[in-house]
Q: 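Attaching a single structure in structure tokens format; questions to follow.
Below, all heavy atoms of this structure are taken into account, side chains as well, without hydrogens, waters or symmetry copies. Letters A, B, ... mirror the listed sequences (proteins, then strands); counts begin at 1.
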Amino acid sequence: MSPVTVHKSEASSPRTVVLVGNPNVGKSVLFNALTGSYVTVSNYPGTSVEVARGTAVIDGQSWQVIDTPGMYAMHTITEEERVAREILLKERPDVVLHVLDARNLERMLAMTIQLIEAGLPVVLVVNIMDEAERMGLSFDLPALEQRLGIPVIAAATARKRGIEEIRQAISSLGSSCGLPIAYSRLLEGDIAEVARLMQGDYLLSRRALALLLLQGDDEITALVAGVEGDGYPVLEHKVKEIAFERRESFHLDLSLERKETVRRLMSGVMHVEGQRRETWSSRFSRLTVQPLTGIPLLLATLYFGLYKFVGGFGAGTLVDLLEGELFEGWFAPWIITLVNGWIPWWWLQELLVGEYGIFTLGLRYAVGIILPIVATFFIFFSLLEDGGYLPRLALMVDRVFKWFGLSGRAVIPMVLGFGCSTMATMVTRTLETVRERVIATLLLALAIPCSAQLGVILALLAQTPGALAVWAGCMLVLLVVVGILAGRMMPGEAPMFYMELPPMRLPQLSNVLTKTYTRMQWYFLEILPLFVLASVLLWLGKITNSLERLIDALSPLMHAIGLPRDAAVAFIFGFFRRDYGAAGLYDLQSAGLLDGRQLTVAAVTLTLFIPCVAQFLMMFKERGWKVSLGIFVLVSLLAFGSGYLLNQLLVTTGLLG
Amino acid sequence: MKLSDHAEEILEAMWIAIEEQDAAFYDPASMQLADDDAGCRELVGKSLVELRHGMLYFRPEGREEGKKTIRRHRLAERLMMDVFNIKGEEGDDKACLFEHLLHEGVDTKLCTMLNHPETCPHGKPIPPGDCCLEARRSGDLGVVPLTECKSGQEGEIAYIQTDDSKKMQKLMAMGVLPGNQILLTQAFPSYIFKVGFSEFAIDTALAREIFVRKR
């Protein structure tokens, strides 16, 4: 982090509001309500790693609104928290909206104190009031407002309650920064000693920085070292001295002091009426996490969601409709006649509607085959996400994932990988350690087929009895063996698992659909150009004959794993998108070029084979070139090695012949 | 009664042979003790043991003293392993040196601090002392890690014990702070607990580091 000393010019840039708070407190919903635009609203702590920005017009003035990833405290631990704090440090917010969950006011108020202490202009939004009231809680927020010295607003943003008050608070927030909060004399003494040695200009108060230094926050230490320059060694010495004196329990003491402060602030603020009522959601939640009911529920979810809905409905019914009826029956004949009638040049005809034409290959695959599969997957995933099922899934699989050196948290990218491995590779950044990220990236690249590929492969192998079982068996064995080996051999510390379980709620249809739509949009913008590019490259290869040469070059490899020479086409396709390759196999099979054994071997090799270009680029971006290249080589070796072994096995045993 | 270290070791060996392995007597030769060994003479002199036909027998006072000695030894082992994290042979060796310091109530303090353990790290029973019996009688369940709680049990968080400050902070951010009420709702496949109105899931490794005063 570079030291921020530049002052924002007053006139040119709009004023800024930053939303901060724990995960799952409704920040994104508030963001949408303020800006009117849509960002992902999620139940799972951690999916909003990306920062959303929007504009709001309040009282005739334009404001920039920034939604940050969930953070628990100013002293950051995870990547997401670091991003959130960096925004507070760099964006010079004019207003910081601290959004928290009314039901957990006491617990979350600790961060409000830290924000006030940092000298930030805070407005406290006590959200989810509706659910809190339903639980029999009531609040005396004016009292809290008085004690804190900042505006405190009751809201239920999902019900549009409190939005107007929040807008007013934003536009009328004065320069007051809340009342000072004093710690014990001992701690105050330490803070003063450290703060006294700081000379530089900072965006956060010296008091807050002193506390962060004492907590050993690496980034703040680097920041302060940069600003202080020559004066830093003295400061560092002091910090180390205090840290050593209080080595026993500094973090704990600080937390306890904050807890005590919060207790004082809260006295008489919250009233609980009667008994804690058991809601249907908590009863259902219990069913999802107890092994006896949870495992069948998990399997049922995956069966109906992935196999029936995505595989059956998406890859079957919808693909037949779009690709079979609409495209083959109507669009393709029309466009081919049109192009051939109007364009006299053979090469251009080929480019547009030929064997690898943009329309006949690129668009057909992208729209006819991939679109319905990906759309159904994203609907399924959004339902799980909004219902609050994902964290429960994570805790159910944590023990098993530990064998692979992963924590249950990794279930999110893994399940997402069944939708789109590229997106999943991106989401691996929510995992805590580099070690976990690398293992997850490797497994995603190797053994997790994406929904598009899955759909085509299910359709392909369904016709050969037993082929599907062999394919699934191979995937599972490789996943487990490579996973366990990776878990054993990768250096680094063992993962730890902790997760907040948000209450389960009935997903809102509109939210699920908008979310699916935004994801589809992302997917489409990203993949359609790749499909067109792939078509163009293949067409170039065809008219220059270099495709033939490449196929020839690959044919010994194909031969080694018992496939006909033409299968190389599918593998070349496969490099552009995994599913493209699978769809290529579909063509070969339709032409009657593959028998059951070859089909199975080809499907296994192709699924294991290198991820699509997009995923490879994403790996490159997220993991760096060394790791990505390593994974690339490993995955290629494993894919063809397994293909070879499987072919030998099938030939010897005569299975699937 | 203050005995020499060597005499204490003889008592321990006797206790294991006679009380735990049901031998009638203890053969000093199995410890390579000479006939006129100083330790034996000390024990006989203090009327704790009898030497008959070259074999050692407990007198009632000696049996009691042996029990206390073995208890100190095994408490020391627990201390090495649970608190100092010194395991294996090195832990055993250190425990052998340490046990001789546990006199005059130090053993009671140590036992209370370790929450009245019932077995040594090798699984052998630690004879209960007065403090253990008293704790049991008064129903003081003491402080146990979350992993020792049953689902449905509620308690107060006593302290967090971890070497990793990040873990500590993560737990504290979740509301796992001494003094807060915690309700364990499930212990398998992961630990699920409630603090306030929020629910959290953690793995065994983390659960082991949260210590709860049971209600």
Side-chain angles (χ1 to χ4, degrees), chain A residues 22 24 71-73 75-78 81 101-108 110-111 131-132 135 137 215-216 249-252 254-256 258-260 263 276 282 285-286 289-291 294-295 391-392 394-400 402 407-408 432 493-503, chain B residues 83-84 113 143 145-147 150-154 156-213:
Chain A
N22 279 35
N24 283 310
M71 73 191 283
Y72 285 97
H75 177 48
T76 57
I77 297 168
T78 61
E81 287 184 307
D101 179 345
R103 294 165 298 180
N104 294 302
L105 184 57
E106 185 154 355
R107 179 162 64 84
M108 295 179 178
M111 192 163 106
E131 286 188 34
M135 290 168 83
L137 302 178
Q215 287 177 81
S249 56
F250 183 77
H251 293 294
L252 187 64
L254 181 59
S255 294
L256 286 175
R258 284 185 175 144
K259 187 188 157 200
E260 178 53 29
R263 204 187 53 75
R276 228 188 243 189
S282 67
S285 163
R286 226 160 352 116
V289 294
Q290 278 170 358
I295 291 169
R392 289 168 172 85
L395 80 89
M396 290 296 291
V397 300
D398 180 58
R399 267 170 204 268
V400 178
K402 287 273 167 68
S407 82
E432 237 157 61
E493 52 187 318
M496 62 171 160
F497 176 69
Y498 61 87
M499 209 167 209
E500 186 167 352
L501 303 179
Chain B
V83 180
F84 297 158
M113 178 184 127
V143 174
L146 195 59
T147 44
K150 293 195 180 64
S151 56
Q153 239 168 15
E154 199 166 359
E156 188 187 274
I157 298 163
Y159 56 92
I160 308 168
Q161 190 180 59
T162 171
D163 321 327
D164 184 346
S165 82
K166 281 204 167 152
K167 266 192 200 172
M168 167 92 104
Q169 288 168 59
K170 201 77 242 176
L171 287 169
M172 291 190 307
M174 299 195 303
V176 178
L177 269 177
N180 280 356
Q181 294 299 313
I182 187 169
L183 167 67
L184 186 71
T185 55
Q186 199 176 312
F188 186 86
S190 300
Y191 287 84
I192 305 178
F193 64 84
K194 265 190 190 151
V195 172
F197 290 96
S198 299
E199 222 174 353
F200 300 92
I202 53 173
D203 59 21
T204 317
L206 273 174
R208 214 174 277 142
E209 298 176 339
I210 301 174
F211 286 78
V212 177
R213 189 169 292 117

Q: Examine whether an atom of A:Glu260 lies under 4.5 Å from a heavy atom of chain B, and if so say whether it belongs to the side chain, the backbone or both; otherwise answer neither.
A: neither
Q: For a quick test of reading the model, state the closest non-hydrogen atom pair linking A:Tyr498 to B:Leu206 and the distance between them.
A: CB-CD1, 3.9 Å
Q: Do you know which of B:Ser190, B:Ala201, B:Pro178 has the most heavy-atom pairs under 4.5 Å to chain A?
A: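 Of the candidates given, the most pairs with chain A belong to B:Ala201.
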Q: Side chain, backbone, both or neither: which part of A:Gln290 has a heavy atom under 4.5 Å from chain B?
A: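 Both parts, heavy atoms under 4.5 Å.
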Q: Considering only heavy atoms from C-beta outward, does the side chain of B:Asn180 approach that of A:Arg107 to under 4.5 Å?
A: no
Q: Name the region of A:Ser407, side chain, backbone, both or neither, that has any atom closer than 4.5 Å to a heavy atom of chain B.
A: neither
Q: Identify which part of B:Met172 has an atom lying under 4.5 Å from any heavy atom of chain A, answering side chain, backbone, both or neither.
A: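 The side chain, not the backbone.
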Q: If I measure from the heavy atoms of chain B, does A:Val397 come under 4.5 Å with its side chain, its backbone, both, or neither?
A: neither
Q: Side chain from CB out, backbone as N, CA, C, O: work out which of these in A:Leu252 comes under 4.5 Å of a heavy atom of chain B, or both, or neither.
A: both
Q: Taking the side chain as everything from C-beta on, heavy atoms only, tell me whether A:Met496 gets closer than 4.5 Å to B:Ile202.
A: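 Of all side-chain heavy-atom pairs linking B:Ile202 with A:Met496, none is under 4.5 Å.
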Q: Taking only residues two or more places apart in sequence, or in another chain, which ones meet A:Glu432 in a salt bridge (Lys or Arg N to Asp or Glu O under 4.0 Å)?
A: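 Result, salt bridge (Lys or Arg N to Asp or Glu O under 4.0 Å) vs A:Glu432: none returned.
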Q: Quick one: what part of B:Ile192 sits under 4.5 Å from any heavy atom of chain A, side chain, backbone, both or neither?
A: side chain
Q: Name the member of A:Leu256, A:Asp398, A:Val289 that forms the most heavy-atom pairs with chain B at distances under 4.5 Å.
A: A:Val289
Q: Please name the pair of heavy atoms, one in B:Ser198 and one in A:Glu500, separated by the smallest distance, quoted to 0.1 Å.
A: OG-OE2, 3.9 Å
Q: Look at the side chain of A:Arg103 and the backbone N and O of B:Phe197, then say whether any donor-acceptor pair between them is shorter than 3.5 Å.
A: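 Not confirmed, A:Arg103 side chain does not pair with B:Phe197 backbone.
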Q: Please flag which part of B:Thr185 lies under 4.5 Å from any non-hydrogen atom of chain A: side chain, backbone, both or neither.
A: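 No part of it gets close to chain A.
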Q: Just to verify, what does B:Glu199 make a salt bridge (Lys or Arg N to Asp or Glu O under 4.0 Å) with, not counting sequence neighbours?
A: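 Once residues adjacent in sequence are excluded, B:Glu199 has no partner under the salt bridge (Lys or Arg N to Asp or Glu O under 4.0 Å) criterion.
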Q: Among A:Ser255, A:Ala494, A:Ala73, which has the most heavy-atom pairs under 4.5 Å with chain B?
A: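 When all of A:Ser255, A:Ala494, A:Ala73 are compared, A:Ser255 has the most.
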Q: Under 4.5 Å between any side-chain heavy atoms of A:Pro291 and B:Gln186, yes or no?
A: yes
Q: Out of B:Leu177, B:Leu171, B:Ile160, return the one with the most heavy atom pairs under 4.5 angstrom to chain A.
A: B:Leu177
Q: Against chain A, label B:Ala205 side chain, backbone, both or neither, depending on which of its atoms sit under 4.5 Å from a heavy atom there.
A: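 Neither; nothing under 4.5 Å.
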Q: Out of A:Lys402, A:Glu106, A:Met108, A:His75, return the one with the most heavy atom pairs under 4.5 angstrom to chain B.
A: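 Highest number of heavy-atom pairs under 4.5 Å: A:His75.
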